[in-house]
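Positions are given from 1, in the same order as the sequence printed here. Values below: every heavy atom of this structure, side chains too, minus hydrogens, waters and symmetry copies.
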Amino acid sequence: MNLTTFNENELLIDRWYRNAGLYPDKDAIVHWSVDGTPFRWTFSSLISTAEKFAVILKKHSIKKGEVCAIIIRHNKYFHPIYFAVSLLGAIPAVLAYPNPRLHPDKFRQGIRGMLQRSGLDWILTEKDLESILLPVADDRKSTIKGMFFPLEWIDNIINFNETGIKIINEINRERAAIQSTDPALLQHSSGTTGLQKPVVLSHKEVLLHIFNYSKAIKLNENDKVVSWLPLYHDMGLIAAYHLPVAAGITTVQINTFEWVIAPGLLLDIINAEKGTLSWVPNFAFNMMAEKIHDDEFEDISLSSLRMLINCSEPVRDESHQKFYNRLKKYGFKFNSIATCYAMAETTFAVTQSEPDKEVTKVSVDRSELAKGNMVISDNLNISRICVSSGKTIDGCQIKIVSDEGKILPEGKVGEIAVKSVSMFDGYRNYSEKTKEVLKGGWYYSGDYGFKWNDEFFVVGRKNDIIIIAGNNIYPEDIEDAVSNIEDIIPGRVVAFGEYEPYIGSEVISVIAETKIVGEEELKKLRLKIKKAGMQIDVTISKVYLVSPRWLIKSSAGKPSRKTNKERILNLKESLNLEV
């Protein structure tokens, strides 16, 4: 494995070339699709094909330091196109390909929002999006210099000539001008498209993070990553993509949309490829446990999987238990479940639970937690199970602070502030937001949590906290309780505080998706939701029941509380949804 030392002057590109020399015939990226045989990019074929795409990009005047937005679906040529941008010293930025249900105007609005902050210079996309994106590219206020369709260049890539070889040599010479402190990539923090905050990271920051995080997960030469995560999200881009390619191990990339349709696909491919590492958000544990069927898994074995890492949203013990109980008969080990706390602003991971060890969890008094105190309780009727996200990895520090900025001791709930050797230095073209979150070299995450026995527990988002009678109510607790109700679509629930003028204070409101349509059945379901709140000592005052797929997701794949709250309140006057 090619990560035994860290060289602060090295580039990601240097790692790729070194791996192509050390492991020319080893699989670098296995591009998996259900409609055909997996395509296997070796380290040598990946870099040689990337060079050919780089030649054409150079001919189109793409230069060092320019941002190239890549909007391409799950395609085997996506990978060399992505690396080709980097070979020129340009900055790749993966953006989500629009969902077919998304209105073109909404998609264009999101791209325009990104133009304001990210400063996109070029768009590399598919021909199918030309008519949708042209109004954005041709706008006189646009920063876009041009739009290209690299998948149309395949014939030129295959039929390469001597002129192309000369340009490759020129590109390789020019690489000497790229510094390790130069931008390597642009990724966006989680959020609704167009409102995401652009984070630019240097080669040094990414490689140093990969070096430190590899130690935390005890990465070894026999590891193989399997991932369905989108590459426009930091967990997919850094953990499941850059880390393995830089380390000289294989990553298997699955179509995100195919996984959503058939969640068992991840486990099937882990079995077929003998995968050892995978990162998933918490909701995926529930989704796979509930939607897979035994007849899908004849002779399957998950014994190769040494770490299934829960990251990107608050970790739930019940999700772990449900997944383990469903999959243990296929050789899945409970100790294979791991946890991580990560964010785009620190490249990726800040904390990581220890490999091959059961994740720490504590049962705490829910009412005390609402007051900011972590108090152990064995009474399941009044407690909440909090799951550790592990200890800080090398190069990272965490402090828990009060709203006044005072450092809090162990067992006290406060905002999580982070300092990292791989931390960004501010959002691109967004100084006002940077000033809000970067203070004295610390990044204030907006997450609430506490420290206990040197491990960190994340309990919610600061901006999502509902304050009722002076107590902090965590919407995750309400959403979990409501998701367990029959006829509510699991994971498709949002809880938030809604101002009630009559009482002059906030009340708790819930939006939940259901397939139920009859008014009598809906009334009964609303009552069940309110009773579920009572069981966790929460009064749910308003219930909005909506049809499947009504809730808007963030880029991380989770229903966005802020966006859906705004949407329902704007619509409530015209919809008969409320009790």
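- Cation-pi check for K419 over Y443 is not met; the charged atom does not lie both under 6.0 angstrom from the ring centroid and within 45 degrees of its normal.
- Geometrically, K433 does not engage Y427 in a cation-pi contact defined by less than 6.0 Å to the ring centre and at most 45° from the axis.
- Classification of E436 and K197 as a salt-bridged pair fails, no side-chain N sitting under 4.0 Å from a carboxylate O.
- The OG1 atom of T347 lies 10.0 Å from the CE atom of M423; values are rounded to the nearest 0.5 Å.
- Between the N19 side chain and the V245 main chain, a donor and an acceptor come within less than 3.5 Å of each other.
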Verdict with supporting geometry, Y241 and H79, ring-ring contact (aromatic ring centres under 6.0 Å, His included): CA-CA 10 Å; Y241 201 69; H79 311 291; 5.7 Å; yes
Might you work through the side chain to side chain donor-acceptor pair (under 3.5 Å) test for Y474 and E479, ending with a clear yes or no? CA-CA 9 Å; Y474 298 98; E479 291 160 1; over 6 Å; no
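- Using a 4.5 Å cut-off on side-chain heavy atoms (C-beta onward), T163 and I165 make no contact.
- No side-chain heavy atom of K76 sits less than 4.5 Å from a side-chain heavy atom of I29.
- Counting only distance, with no hydrogens or angles, the side chain of S422 and the backbone of E205 share a donor-acceptor pair below 3.5 Å.
- Remark: the D447 side chain and the Y341 side chain contain an N/O donor-acceptor pair separated by less than 3.5 Å.
- Contact annotation: the side chain of I171 approaches that of V55 to within less than 4.5 Å [non-hydrogen atoms, C-beta and beyond].
- A distance of 10.0 Å separates NZ of K553 from CG of L551, quoted to the nearest 0.5 Å.
- Note: W16 and F83 have perpendicular aromatic rings, judged against thresholds of 30 and 60 degrees for the angle between ring planes.
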Where do L87 and Y17 land on the side chain to side chain contact (heavy atoms under 4.5 Å, CB included) test, with the steps shown first? CA-CA 10 Å; L87 294 185; Y17 273 100; 3.9 Å; yes
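- Between E566 and K562 there is a salt bridge, with a side-chain nitrogen of the basic residue lying less than 4.0 Å from a carboxylate oxygen of the acidic one.
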Quick one: do Y82 and H242 satisfy ring-ring contact (aromatic ring centres under 6.0 Å, His included)? Show the steps, please. CA-CA 11 Å; Y82 179 90; H242 273 290; 5.6 Å; yes
Below 3.5 Å, can you tabulate the donor-acceptor pairs from side chains in residues 65-73 to any protein atom, sequence neighbours excluded?
{"unit_1": "E66", "atom_1": "OE1", "unit_2": "K63", "atom_2": "N", "d": "2.8"}
{"unit_1": "E66", "atom_1": "OE1", "unit_2": "W122", "atom_2": "NE1", "d": "2.8"}
{"unit_1": "E66", "atom_1": "OE2", "unit_2": "K145", "atom_2": "NZ", "d": "2.6"}
{"unit_1": "R73", "atom_1": "NE", "unit_2": "E126", "atom_2": "OE1", "d": "3.0"}
{"unit_1": "R73", "atom_1": "NE", "unit_2": "E126", "atom_2": "OE2", "d": "3.3"}
{"unit_1": "R73", "atom_1": "NH2", "unit_2": "Y97", "atom_2": "OH", "d": "3.4"}
{"unit_1": "R73", "atom_1": "NH2", "unit_2": "E126", "atom_2": "OE1", "d": "2.5"}
{"unit_1": "R73", "atom_1": "NH2", "unit_2": "D128", "atom_2": "OD2", "d": "3.0"}

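- In terms of heavy atoms, P183 sits closest to I91 at CB-CD1, 3.5 Å.
- The main-chain N or O of P281 is never found under 3.5 Å from a side-chain atom of S312 such that the two would form a donor-acceptor pair.
- Using the six-membered ring where Trp is involved, F348 and Y213 have ring planes that are perpendicular, over 60° apart on the 30 and 60° scheme.
- Separating the CD atom in E258 from the CD1 atom in I269 is a distance of 8.0 Å, to the nearest 0.5 Å.
- In this structure the side chain of L438 reaches within 4.5 angstrom of the side chain of F424, judged on heavy atoms.
- Side-chain atoms of Q397 do not come within 3.5 Å of backbone N or O of W442 as any donor-acceptor pair.
- Ring geometry for W153 versus H60: interplanar angle under 30°, hence parallel rather than tilted (30 to 60°).
- The CD1 atom of I511 sits 11.5 Å away from atom CZ of R561, with the distance rounded to the nearest 0.5 Å.
- By the neighbour-count criterion of 12 heavy atoms within 6.0 Å, atom CD of E152 is densely surrounded, having more than that number from other residues, nucleotides or ligands.
- The shortest heavy-atom contact between I488 and A512 is CD1-CB, 3.8 Å.
- Here the side chains of S180 and E8 are not in contact, with every heavy-atom distance at 4.5 Å or above.
- Looking at P198 and M114, their side chains never come closer than 4.5 Å, going by heavy atoms from C-beta outward.
- A salt bridge links E174 with K58: at least one charged nitrogen is closer than 4.0 Å to a carboxylate oxygen.
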Applying side chain to side chain contact (heavy atoms under 4.5 Å, CB included), run through K204 and F6 and close with a yes or a no. CA-CA 9 Å; K204 180 180 178 180; F6 172 73; 4.1 Å; yes
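- Between the side chains of S45 and S48, no donor-acceptor pair of N or O atoms lies under 3.5 Å.
- Residues E513 and R549 are not paired through a salt bridge, judged by the lack of any N-O separation under 4.0 Å between the basic side chain and the carboxylate.
- In this structure, the side chains of R108 and L133 stay at 4.5 Å or more apart for every pair of heavy atoms.
- Taking both residues in full, the closest heavy atoms of L229 and G236 are given as CB-CA, 3.7 Å, listed atom of the first, atom of the second, then distance.
- Side chain to side chain, R567 and N564 fail the donor-acceptor criterion of an N or O pair below 3.5 Å.
- To the nearest 0.5 Å, the span separating CZ on F149 from NZ on K127 amounts to 4.5 Å.
- The shortest distance between side-chain heavy atoms of V34 and N255 does not fall below 4.5 Å.
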Verify ring-ring contact (aromatic ring centres under 6.0 Å, His included) between H31 and H74, making sure each step is shown before the conclusion. CA-CA 9 Å; H31 179 86; H74 189 71; 4.0 Å; yes
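- Between the N172 side chain and the N169 main chain, no donor and acceptor come within less than 3.5 Å of each other.
- In this structure a side-chain-to-backbone donor-acceptor pair under 3.5 Å is present from T351 to S389.
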Run T49 and E51 through side chain to side chain donor-acceptor pair (under 3.5 Å) and show every step you take. CA-CA 5 Å; T49 307; E51 287 178 332; over 6 Å; no
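- Under 4.0 Å is where a charged nitrogen must lie from a carboxylate oxygen, and between K435 and E432 no such pair does.
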Quick one, F39 with W41, criterion ring-ring contact (aromatic ring centres under 6.0 Å, His included). Give me CA distance, side-chain angles, the key distance, then yes/no. CA-CA 7 Å; F39 186 88; W41 289 105; 4.8 Å; yes
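- Side chain of D27 to backbone of V30: no donor-acceptor contact under 3.5 angstrom is found.
- Evaluation of the salt bridge (charged side-chain N to carboxylate O under 4.0 Å, His left out) rule for K64 yields D182 as partners, not counting sequence neighbours.
- Geometrically, R492 does not engage F283 in a cation-pi contact defined by less than 6.0 Å to the ring centre and at most 45° from the axis.
- Using modelled atom types, no side-chain atom of S118 and backbone atom of L120 make a donor-acceptor pair closer than 3.5 Å.
- Between E10 and R15 there is a salt bridge, since at least one side-chain N of the basic residue sits less than 4.0 Å from a carboxylate O of the acidic one.
- Counting only N and O atoms by type, the side chains of T181 and H203 include no donor and acceptor under 3.5 Å apart.
- Distance alone, capped at 3.5 Å, is enough to place a donor-acceptor pair between the T346 side chain and the M343 backbone.
- Between atom CD1 of residue I178 and atom CG of residue L12 there is a gap of 10.5 Å, rounded to the nearest 0.5 Å.
- Between R461 and E476, none of the side-chain N atoms (NZ, or NE/NH1/NH2) sits under 4.0 Å from a carboxylate O, so this pair counts as no salt bridge.
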